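Down below is the structure, laid out as structure tokens.
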Amino acid sequence: MLYGALEAGGTKMVCAIGDENGRILEQFFVPTTTPEETMPQIIQYFQGKEIEGLGIACFGPIDLHKDSETYGHILETPKLPWRNYDIVGVMEEALHIPIGFDTDVNGSLLGEVTWGSAKGLTDAVYLTIGTGVGGGILSNGKLLHGMLHPEMGHMKLARAEGDTYHGKCPYHGTCLEGLSAGPAIEDRWGKPARELADCGEVWELESDYIAQALVTLILTLSPQKIILGGGVMHQTQLFPMIRRKVAENLNGYLNTSQLQDLDSYIVPAGLNDDQGIMGAVKLAIDAKAAELQTK
Ligand code: ADP
Ligand code: ZN
């Protein structure tokens, strides 16, 4: 069976055809400009592809409540042309197939839980540190939505000693995103993050903040594994630093087998940056299965 997958991002839309094993058979990219310009190209791509379902992993905020009038809409995004856009409704009308819908980060987490680093687990966290900081949560085998969906990138952090940077988040200043996302690194140090690879103090501070956030997530959600993705985590020297600081912060509190093996507990994404689009394939598979069940 073939499935369609759409990873809807703020700069580009990744469209793909995948199979039930998450194998990506072909891909197509469309720049994210306005719905009028972008969506017809996406629809045209999927039409005639004989897909049985479509999964959409979308930038937020989005409405995930099936009983809501605005289910499937993009909500109050700063990307103005997309505000209140009914992305699920438009695709449903064009393709007449079941559609699965979730956040981009929950999509990545679903890809990892189905085929990647967190395969088979029931409780996991995925944090992406890129242009922003976003997080997805799998709890008791289900992607967590709650009131809206988790927005853990905006948890407030305690500043590191001596750090006077005001923070880049327009809402909170020194939240996790305001202190550690790519644009915050560039703003603070005056150069794009990737050009600071050899600058030890950049990554010392970066790992301080990420570790602080991870400890809060560990204590709150009790995940079996944490996956870190996004452009900034391409600085792989961060992993051992973050693990060490998580251990220091926990200070011996909690003594699980997972926390004794932090190398396997805090890990990079395992699907070569395909976790998002593969997760969207899984959303499609699940939507099709749900439809078959109700028949
Ligand atoms: P997005 O969050 O927009 O989906 P990415 O996850 O690729 O996209 O994140 C882009 C951000 O990550 C940019 O702010 C960029 O500075 C940073 N980034 C990208 N590649 C690297 C790298 N190799 N090292 C450090 N930072 C990087
Ligand atoms: Zn914030």
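All ligand and atom numbering here is 1-based and tracks the order in the structure. Along the sequence shown, the residues carry numbers beginning at 1. Just so it is clear, the structure is predicted and the values come from calculations on it, not from any experiment.
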Quiz item: Taking atom types as modelled and ignoring hydrogens, do the side chains of Q212 and N249 form a donor-acceptor contact shorter than 3.5 angstrom?
Solution: no

Exercise. Pick, from G231, G230, G9, the option with the minimum heavy-atom distance to atom 21 (C) of ligand 1.
Key: G231

Quiz item: Would T33 and T38 count as having a side-chain donor-acceptor pair, cut-off 3.5 Å?
Solution: yes

Exercise. Among all protein heavy atoms, pick the one closest to atom 24 (N) of ligand 1 and tell me residue, atom and distance.
Key: Q235 NE2, 2.8 Å

Self-check item: Donor + acceptor pair across side chains of D86, Y71 (<3.5 Å)
Solution: no

Self-check item: Atom indices of ligand 1, in the order listed, that fall short of 4.0 Å to a heavy atom of G182
Solution: 14 (O)

Quiz item: Quick one: which ligand 1 atoms are inside 4.0 Å of a heavy atom on P183?
Solution: 14 (O)

Quiz prompt | Donor-acceptor pair between E26 and Y45 side chains, under 3.5 angstrom | solution = yes

Quiz item: Less than 4.5 Å apart, any side-chain heavy atom of L157 and any of C175?
Solution: no

Practice problem: Using a distance threshold of 4.0 Å (strictly less than), state whether atom 12 (O) of ligand 1 has a protein heavy-atom neighbour. | Solution: yes

Quiz item: Rounded to 10°, how many degrees is the angle ND1/H172-the Zn ion (ligand 2)-SG/C169?
Solution: 100°

Self-check item: Q258 side chain near Y265 side chain, heavy-atom distance below 4.5 Å
Solution: yes

Quiz prompt | Test item: I210 and V246 side chains (from C-beta on) under 4.5 Å apart, heavy atoms | solution = no

Self-check item: Options E206, R194, M233, ranked by nearest heavy atom to atom 19 (C) of ligand 1, top entry
Solution: R194

Exercise. Distance to 0.1 Å, residue and atom name: give those for the protein heavy atom nearest to atom 9 (O) of ligand 1.
Key: G130 CA, 3.1 Å

Practice problem: Looking at H154, pick out the N, O or S atom nearest to the Zn ion (ligand 2) and give its name. | Solution: ND1

Self-check item: Row check, Y3 ring normal vs K288 NZ/CZ: under 6.0 Å, within 45°
Solution: no

Quiz item: Considering only heavy atoms of A193, which atoms of ligand 1 have at least one such atom less than 4.0 Å away?
Solution: 25 (C), 26 (N)

Practice problem: Distance to 0.1 Å, residue and atom name: give those for the protein heavy atom nearest to atom 8 (O) of ligand 1. | Solution: T131 OG1, 3.8 Å

Practice problem: List the closest protein heavy-atom neighbour of atom 23 (N) of ligand 1: residue, atom name, distance to the nearest 0.1 Å. | Solution: H234 CB, 3.6 Å

